[in-house]
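Reminder, nothing fancy here: chain letters follow the sequence lines and each chain counts from 1.
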Amino acid sequence: MRIATWNVNSLRTRLDRVLAFLERSSIDVLAIQETKCRDDQLPVAPFEAAGYEVAHTGYHQWNGVAIVSRVGLKEVETSYAGQPAFGKPGQEPRVEARAIGATCGGVRVWSLYVPHGRTLTDPHYAYKLAWLDGLRAQAAGWLAADPTAQVGLLGDWNVIPRDTDVWDVTAFEGHTHVSAAERAAFAAFEDAGYTEVTREHLPAEHTYTYWDYQQLAFPRNKGLRIDFAYASPALRDQVTAVTVDRDERRGKGASDHVPVVLDLAG
DNA sequence: ATGGTAGTGGTACTA
């Protein structure tokens, strides 16, 4: 079985690329982030025609997460328990479309779009830390309830865990993604019993999954490693290989992120 | 050359 994660930066704009990727790479389950559409705008028919089911949550033109599967799609949840809400000052805080879970082929798959944080003094930054901490607490509970569960936490984590996960970490001094608090919140998933399997299989430094659209970042290889997959022990045991589809960043109409693919035994 | 990238939606906001 093959499971992948990909921040597509608009599913409607990227639909042809997503369908081509599913076929080219024989993907069974795809965790998608930043669909940038409401449920009623989701292009479902093209996926069904290709043999996939789709689960999605999206409220407007921002965020939006989905799971696409051809090995079953059951027990869909469109947020995790206790997921923090966010709203601008003076607005009612709302739980955003940043997490969706479903059971596919025996694996509990979560597609996650961790809040960006914006700046270290922005309320969005505190929201980001709370969001990660809340998810970790739930994920620890899932394992406590069933230590043999196959659970995958896949997505755009918006954290640069190591200095060598960016072309020049000094360019990020004073910015989000590299702060000690964010890195601690990310690392806490290891303490909760999960293993970040993409690094386990792809340990090379400067292995990037994202290149900004600006400043010719991709041709200059000024990238970030921010897309990851935490796996429970039972799922980790099944992972035989991980691939970053770097070529997907090429050409006209690319997302700024590329897919990360997990090969599973059986 | 007073910009710079992209998407959505609407004359701004997010990343």
Does [X] reach a base, just sugar-phosphate, or nothing at all? Heavy atoms under 4.0 Å.
X: A/Y113; value: sugar-phosphate
X: A/R249; value: nothing
X: A/Q41; value: sugar-phosphate
X: A/K88; value: sugar-phosphate
X: A/Q214; value: base

Subject >> Cation-pi geometry met for A/R94 and A/Y59 (6.0 Å, 45°) >> reply: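 A/R94 over A/Y59 ring: yes.
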[N] phosphate, OP1 or OP2, under 4.0 Å from [X] side-chain N/O:
X: A/R98; N: B/dA15; value: yes
X: A/R118; N: B/dT14; value: yes
X: A/T13; N: B/dT8; value: yes

**OP:** Could you point out which residue of A/V107, A/V71, A/D28 forms a side-chain contact (heavy atoms from CB on, under 4.5 Å) with A/I3?
**Re:**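 Filter result, single survivor: A/V107.
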Send over the distance from [X] [atom1] to [N] [atom2], rounded to a whole Å.
X: A/W211; N: B/dG4; atom1: CH2; atom2: P; result: 24 Å
X: A/W62; N: B/dC13; atom1: CH2; atom2: P; result: 8 Å
X: A/L216; N: B/dA6; atom1: CG; atom2: C1'; result: 14 Å

**OP:** Begin with the C-alpha distance, continue with both residues' side-chain angles, and end with the deciding distance and a verdict on salt bridge (Lys or Arg N to Asp or Glu O under 4.0 Å) for A/E77 and A/R108.
**Re:** CA-CA 11 Å; A/E77 292 180 272; A/R108 188 64 184 165; 2.8 Å; yes
Subject >> Side-chain donor-acceptor pair present, A/N9, A/H257, cut-off under 3.5 Å >> reply: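 Per modelled atom types, A/N9 and A/H257 side chains form no pair under 3.5 Å.
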